[in-house]
Amino acid sequence: MAASPLSIPPLMPYSVSPIGFVRSCFKEKFAIPRQPQLAPAARGVLELLAPFDNGEAVHGLEQVSHVWLLFLFHQALEDKPRLKVRPPRLGGNQLVGVFSTRATHRPNGIGQSVVKLDKLEPGKLWLSGIDLLDGTPVLDIKPYVPYADSVAGAYNRIADSAPELITVEWQAQALNQAHSHGLRLAEPLVELIEQCLAQDPRPAYQQPLPERHYGARFWDVDVRWHYPEPAKICVLEVVVA
Ligand code: SAM
């Protein structure tokens with residue numbers, strides 16, 4: 001039987017709208033883990049917009065431990081699509097095709113993360129293990145389906161294992177500050193800082209000289225650190241922003 005000719009519609013934009021926004025522990029892109037699940041103490045709340053905020057749309061989700069979020073990289077949207085990108089994973093100096101990476105700069109700026117669903121209320125999902133910036137617009141939520149979403153024998157030779165961790169140490173005063181801000185926020189702040197910094201957020205091409213200080217904001221605190229040695233971070237202070 002002869003195949004009927006494919007009719008390709010003219011390229012035209014489709015419109016999508018956020019179903020909600022994430023309130024996240026991450027207030028800036030720097031020091032956010034490169035994938036979900038790498039920092040279990042990274043928490044946030046997905047606040048749903050009408051008409052999805054009345055409980056009906058999430059009915060049944062209490063039976064699910066993890067969800068996929070499809071979202072917009074709203075702080076990385078670009079007009080001109082890139083065909084090749086330099087993934088930080090490869091040291092930031094190797095170009096590979098955009099579709100072989102999870103880079104933020106991509107056509108349509110769509111990201112996807114599987115995150116833990118800790119608590120559910122009508123209109124609100126409490127999440128952990130997130131890799132999402134505060135204010136991220138979410139386009140859809142789908143339940144994680146273990147038998148279909150976990151593929152035995154799958155490989156990815158560009159990113160075959162989680163990034164190697166580096167040692168995180170604390171100055172005594174910084175650890176006290178993190179403990180007391182963690183109590184105030186009712187958040188596992190010490191764990192969050194340790195888990196995120198252990199991923200070594202520094203750009204791979206940058207030599208971490210001990211005199212150079214780095215910083216990032218988690219919740220409402222500014223965290224500052226330096227590298228006393230190339231593979232060791234020391235947290236210097238944790239202060240309200
Ligand atoms: N898991 C997602 C995926 O694979 O599509 C995201 C991977 S992407 C490599 C993770 C990085 O995206 C984070 O380290 C953070 O710097 C950045 N990011 C997170 N939320 C963002 C947002 N709303 N806009 C721009 N960049 C964002």
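Since the structure is predicted, the reported quantities are computational estimates derived from the model, not experimental observations. Numbering of ligands and ligand atoms starts at 1, following listing order. All values below come from the heavy atoms of this structure, side chains included, with hydrogens, waters and symmetry mates left out.
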Show which side-chain atoms of residues 150-161 pair as donor or acceptor with protein atoms under 3.5 Å away, not counting sequence neighbours.
{"unit_1": "N156", "atom_1": "OD1", "unit_2": "I158", "atom_2": "N", "d": "2.9"}
{"unit_1": "N156", "atom_1": "OD1", "unit_2": "A159", "atom_2": "N", "d": "3.0"}
{"unit_1": "D160", "atom_1": "OD1", "unit_2": "N156", "atom_2": "N", "d": "3.4"}

For ligand 1, output the ligand-protein N/O contacts shorter than 3.5 angstrom; if there are none, return none.
{"unit_1": "ligand 1", "atom_1": "1 (N)", "unit_2": "Q35", "atom_2": "OE1", "d": "2.8"}
{"unit_1": "ligand 1", "atom_1": "1 (N)", "unit_2": "Q112", "atom_2": "O", "d": "2.9"}
{"unit_1": "ligand 1", "atom_1": "1 (N)", "unit_2": "S113", "atom_2": "OG", "d": "2.9"}
{"unit_1": "ligand 1", "atom_1": "1 (N)", "unit_2": "D131", "atom_2": "OD2", "d": "2.8"}
{"unit_1": "ligand 1", "atom_1": "4 (O)", "unit_2": "Q35", "atom_2": "OE1", "d": "3.4"}
{"unit_1": "ligand 1", "atom_1": "4 (O)", "unit_2": "Q35", "atom_2": "NE2", "d": "3.4"}
{"unit_1": "ligand 1", "atom_1": "4 (O)", "unit_2": "R102", "atom_2": "NE", "d": "2.6"}
{"unit_1": "ligand 1", "atom_1": "4 (O)", "unit_2": "R102", "atom_2": "NH2", "d": "3.2"}
{"unit_1": "ligand 1", "atom_1": "4 (O)", "unit_2": "Q112", "atom_2": "O", "d": "3.4"}
{"unit_1": "ligand 1", "atom_1": "5 (O)", "unit_2": "Q112", "atom_2": "N", "d": "2.9"}
{"unit_1": "ligand 1", "atom_1": "5 (O)", "unit_2": "Q112", "atom_2": "O", "d": "3.3"}
{"unit_1": "ligand 1", "atom_1": "14 (O)", "unit_2": "I32", "atom_2": "O", "d": "3.1"}
{"unit_1": "ligand 1", "atom_1": "14 (O)", "unit_2": "P33", "atom_2": "O", "d": "3.0"}
{"unit_1": "ligand 1", "atom_1": "16 (O)", "unit_2": "K29", "atom_2": "O", "d": "3.3"}
{"unit_1": "ligand 1", "atom_1": "20 (N)", "unit_2": "L133", "atom_2": "N", "d": "3.2"}
{"unit_1": "ligand 1", "atom_1": "23 (N)", "unit_2": "H74", "atom_2": "ND1", "d": "2.8"}
{"unit_1": "ligand 1", "atom_1": "23 (N)", "unit_2": "T136", "atom_2": "OG1", "d": "2.9"}
{"unit_1": "ligand 1", "atom_1": "24 (N)", "unit_2": "H74", "atom_2": "N", "d": "3.3"}
{"unit_1": "ligand 1", "atom_1": "24 (N)", "unit_2": "Q75", "atom_2": "N", "d": "3.1"}

List the atom pairs, with distances to 0.1 Å, where a side-chain N or O of residues 46-54 and a protein N or O form a donor-acceptor pair under 3.5 Å, not counting sequence neighbours.
{"unit_1": "E47", "atom_1": "OE2", "unit_2": "R23", "atom_2": "NE", "d": "2.8"}
{"unit_1": "E47", "atom_1": "OE2", "unit_2": "R23", "atom_2": "NH2", "d": "3.0"}
{"unit_1": "N54", "atom_1": "OD1", "unit_2": "E56", "atom_2": "N", "d": "2.9"}

### Message
Could you work out, with side-chain hydrogen bond (donor to acceptor under 3.5 Å, both in side chains) as the rule, every residue matching W170, not counting sequence neighbours?
### Response
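For W170 the side-chain hydrogen bond (donor to acceptor under 3.5 Å, both in side chains) partners, ignoring immediate neighbours, are E194.
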### Task
Using a cut-off of 6.0 Å, state whether more than 12 heavy atoms not belonging to L83 lie near its atom CG.
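Result for CG/L83: open.
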### Query
Is the charged tip of R202 near the ring of Y227: under 6.0 Å from the six-membered ring centre and within 45° of its axis?
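Yes; both conditions hold, so R202 lies above the ring face of Y227.
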### Query
Is R217 salt-bridged to E28, going by a charged N under 4.0 Å from an acidic O?
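E28 and R217: not salt-bridged.
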